[in-house]
Amino acid sequence: MTEEKSDKTEKSKETTEEAAEEKAEETVEETEQAEKAEEGGEAKAAEEKKAKKSLPKPKAAAKKKPTPRKDEKYLSRNFEIPNAHNLDVYEANGGYRALKKAMKMDGEEIIEEVKKSNLRGRGGAGFPCGIKWSFLPKESDVPKYLVINADEGEPGTFKDRYLMELDPHRHIEGCIIAAWALGIRYCYIFVRGELQFAQRRLNQAIKQAYDAGYLGKNILGQDFDFDIYVHPGAGAYICGEETGLIEGLEGKSGQPRMKPPFPAVVGVFQAPTIVNNVETISSIPFIIENGGQWFADMGIEKNGGPKLYGLSGPVNNPGVYEAPSGITIRELLERYGGGMRDGHELKAFIPGGSSCAVLKPDALDAQMGFETMREAGSSMGTACITFMDTNTCMVRVAARLAHFYHHESCGQCTPCREGSGWAAKVLDSIEAGRGRMEDLDLLLDMCDNIQGNTICALGDSIAIPVRSYLQVFPEEFEDHIKRQSCPYPAWSKRKTSADSDAA
Amino acid sequence: MAVEFSEEAEATFQDLISRYPNNLAAMLPVLHLAQSEFGWISVEVMDYVANRLDVHPTKVLNAATFYTMYNKQPIGKCHIQVCTTLSCALMGGYEIIDYLEDTLGIRVGETTPDGRFTLSEVECLASCGTAPMFQASFCDGEIEYFENLDAERVDEVLKELNEKLEALPLPKDMH
Amino acid sequence: MPKVNINGTEIEVEKGTTILKAAAQAGFEVPHFCYHPALSIPANCRMCLVEVEGARSLEPACYSEVTDGMVVETKSERVIKAQKSVLEFILLNHPVDCPICDQAGECKLQDYYMAYDAQESRLRAEKNQKVKVFPIGPEVLYDGERCILCTRCIRFCEEITGTNELTIVQRGDSAEIRTFPGKELDNPYSVCTADICPVGALTSRDFRFKCRVWLLQSTDSVCTGCSNGCNIHLEHFRNEIQRYRPRYNPQVNDYWMCDAGRLSYKEVHTDRLLRPMSNGAALNWHGVTETASAKLARALDDDAGSFGFVVSPQASCEDLFLAKRFIEEVLGTDQLYLGGKPDGFEDDFLIKADKNPNRQGVKAVFGGLNDFGDVDKLIDDIESGAIKTLYMMETHLPADAETRQRFVDALDKLDLFVLQAQHCAELANQAHLALPACSHAETEGTFVNFDGLAQPFEQAFAPHGDSLPHWQIFMRLARAMGQPLTYTFVHQIRDEMFQASDADENGEPAEAQAE
């Protein structure tokens, strides 16, 4: 068994390597093309600069995203297929086969396969999906609910959006399979309000699914009724917290609830509820089609299955890519991301959304996986990586993130409500050159006082990153304080983080 | 009450409340519907929504002021919301704001004198791979993302938007 | 019954008990803001975080239920650090305007700061500014800067009064408490929100800047606003009542009282009859007792059958007991009428339509209300001449303005009108004899509420002016008329009264509950 497994891993490594080599070649070609385009554009750009103010460089013309081999793609398989968001195209490419197979299986069987698969929650926390599903009571006097957390708001994260826009039927198929397995009657997909296009695509696909008999009453001729509704958010990051989301779904302000009780016992409308991330549910059809073991064998231990990664920041090819777990950040950056853009040297990166600790380039060889990233001193989070270059001020980054959490704090509990604003104020003053050495210990103390003392994990999301910037780049903070100014180029000619007062 | 849903909006409203076991749960989508119908969420609109959902008006006030997408004041026909959270900031989001401020002649938080554009700075819009970008929200409820921006592209988009805005009313006139 | 170890003390508690309550049982205070025993548990202030063995984070004691074998530390280093940090966070944007804040002296933030924090501020930036002196209701003011968003007020309006006037607007540290624009916090119990507000964010407009709370003396008393008999702290300074606050009694009013009752203290200091008067001229007690006894004796000689007596359900049981003895033994009249305030607003919570505190007391002392005539009969009897002498307790009549005017007009027909009352109410000048009685604040006694519960009230300060308790006035007159009713202390009256009462199940005065 182990041999087979290592064989398979070897094979998948090989294919990844081959694919990476192909990509590297493509990248070289592209860079040449891009350079040529730039030269021509540069003169024009210089002229324009005189007329307008300084701006980001004009992007290269037709930029082709390097794609992994077709047979390696699962979650992103349909991204490049035109109209794959329509039922006919989706079915023509094998869609709803998994559902038909699942509905010949028993609910318990399906839950076991999901447990075996080691599918970890793709929203950031990495909680094993199969175990979460097993918390749902089998019997219930009230209807049970499936709630999809499509409130993608973690800074740096942008993968669920494409799953909804480009492959909505896969997601719907996953929902129906989950509902079948868990005895769930209704599903709400809570999509953040700003992603209207994603909502439209989902709604279209849902209607097509109803028309085809995949949703509604007596699905596929069995005694199985299931409805899915899209529920829009309205601009609150805190609705990405599962109980904050439930509150928003119930029509109230998104203030998270105390846990216990957990949603599986007391969820939306006081009924047993499973809350899952978009990517998690979109992975379910693959588990049904190919089996839990197959899924578990992909990638490194305890981190099975295909995974989407996002790359953002000054890299050549920002975007969403697919690979199993175990891929290193370096591979993602260089082979998929095409490396840092010309003139931008890597200084730091955040591996999984702004709530993760920042890492230096010496951590580039860390493998993507929940345990491995924890060992590397951060977390996998949403697996969407933000890269930062040597022109970026770490103090300013910390301040900007503190402002983000300050804006998004629901205000319910004291440490987060007051601490987020205070952290932002102190970081602003350091960045603006008004800091004092005591401020550094003060900030660390503040982080200690917030983390663990709040109703929900937003408190931790402020404390962990802020602390990491202070601990990973202490010299930068001290430098700002000593020279009483920021030595890095400004992000704006007018605005500083201190002026940032979004929404 | 002066505000009332049109026939079309009423049909949507009925569909929305049928999706939930109680009317309070329809609050978020119904407020979106009300904003697209009436241009903005005034006290009158909140009262109307409370009445239609059969909930106490303070519940509507609580939701309407908690969430950022509901406008409690009438703003421009098109709300340009530029993302400046980390990835966008790294890729020039603040420069896009500077450029828009110069081009539109207003500062963040303000509306152009002709009532067409309001400019805001917002938090992460899940578009980090195509940064810098902004979201354009229209008074009829439509939302569009404009990504991979630079000065040229911004000019193009503004031209596009201006054409589109000819047909749209001013939110302050919508009820 | 789970056993829990708190700070080394092991106790057994009922299943479902929270750590907070268990700690209180074991004798340990766990500081808290947002928790209130009568309201739901939001666990948002984080002040009550305690250390539970085996748990990674600190747990909110108000919310977490005790499990068998749980080991809790409420004074460990981690807990102390958390307490200091929560107070620091609250004080961060807190205006600290104690010098102008009514809450000073009864402010949880002040108390906890002194007990658990006492650190200097580390803030070097501007504090957030919010709305101040906001008239959130006709009786209540809101200060957004002082507010710690514990949501007690919101939960009170949701769960106790069901009126839902209050909510949070905005989010994060911009959040404030508000009503719906155009609406007010105007439920009949609105000032209770100021009671339960742990800081000076919600304050009573009536009490604003009136008196520093440490100058107040508190007396256990009972509200006289209606027959519910809400238990109160009657708080006074220099012999003047500054305010009422509800006193906890789970049988009667829990933690609450209505705004109208709360403001009824003003009657004690408004339009008081403070000097004995004879035909409009002020006398001393000696003089008026002589005059009164002489006139009453002559009236009895002339026509004993034409005496009428208005009994007041505003008076205490002790007053009524002596009134009954005076009526039976000294006056010998059986023409009794029931006075008191007219009925008013009632709800299904605390407010009763009967705006008199002691109708049940009249019933208990006189053995029923059937023998009492109503206002119409009183007016008819005066107009017809059936009554020539009227002895009236208190100035209230259960009548509308028109009927009251008829009564006032009819008074001319009386040969002798004796008024024994707290207030003038334009009757004192018409009375041949006006005897100043004192309020419930100036004596002790018992009221029986609508439910038959006998409740004692204590004396707060000495009677104002020359006023005296009703029972003392009856004693003076009785002695002057040759038929003394001898008591020295109120409790003597009380003992005799309770012995005399027949089927009075609630014989013992209710035990006042500690808060």
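Throughout, protein chains are lettered first and strands after them, A, B, ... in sequence-line order, and every chain is numbered starting at 1. Both backbone and side-chain heavy atoms feed into the values below; hydrogens, waters and symmetry mates do not.
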### Message
Out of A:Gly452, A:Gly419, A:Cys410, return the one with the most heavy atom pairs under 4.5 angstrom to chain C.
### Response
A:Cys410
### Message
Looking at chain C, which one of A:Gly254, A:Pro415, A:Ser420, A:Ala236 has the largest number of heavy-atom pairs inside 4.5 Å, strictly under?
### Response
A:Pro415
More than 12 heavy atoms of other residues, nucleotides or ligands under 6.0 Å from [atom1] of [X]: yes or no?
| X | atom1 | value |
| --- | --- | --- |
| C:Lys3 | NZ | no |
| C:Lys84 | NZ | yes |
| C:Glu29 | CD | yes |
| C:Met114 | CE | no |

### Validation row: C:Arg171, A:Glu408 side chains within 4.5 angstrom (heavy atoms)
yes
### Query
Going by heavy atoms in the side chains, are A:Arg436 and C:Arg124 under 4.5 Å from each other?
yes
### Message
Treating A:Lys425 as the side-chain partner and C:Glu126 as the backbone partner, does any N or O pair qualify as donor plus acceptor under 3.5 Å?
### Response
yes
### Task
Kindly say whether C:Ile148 contributes a backbone atom to a donor-acceptor pair with the side chain of A:Arg417 at under 3.5 angstrom?
yes
### Query
Can you tell me how far CD of C:Glu59 sits from CG of A:Asn453, rounded to the nearest 0.5 angstrom?
10.5 Å
### Query
Do you know the tightest heavy-atom contact between A:Pro260 and C:Tyr63?
O-OH, 2.6 Å
### Query
What pair of heavy atoms forms the shortest contact from A:Glu418 to C:Phe89, and how long is it?
CG-O, 3.2 Å
### Summary
Contact list (residues 4-26 of chain C to chain A, heavy-atom gap under 4.5 Å, by number) returns none
### Query
How would you list, in number order, the residues of residues 38-47 of chain C that have a heavy atom less than 4.5 Å from chain A?
C:Pro42, C:Ala43, C:Asn44, C:Cys45, C:Arg46
### Task
Sort C:Leu49 into side chain, backbone, both or neither according to what part of it lies under 4.5 angstrom from a heavy atom of chain A.
side chain
### Task
Please determine if A:Asp445 and C:Lys81 form a salt bridge, counting it only when a charged side-chain N lies under 4.0 Å from a carboxylate O.
yes
### Query
Step by step, would you call A:Ser253 with C:Ile168 a side chain to side chain contact (heavy atoms under 4.5 Å, CB included)?
CA-CA 9 Å; A:Ser253 61; C:Ile168 292 185; over 6 Å; no
### Task
Report the option among C:Ser57, C:Ala82, C:Ser85 that has the most heavy-atom pairs separated by less than 4.5 Å from atoms of chain A.
C:Ser85
### Message
Out of C:Arg56, C:Gln170, C:Glu88, return the one with the most heavy atom pairs under 4.5 angstrom to chain A.
### Response
C:Glu88
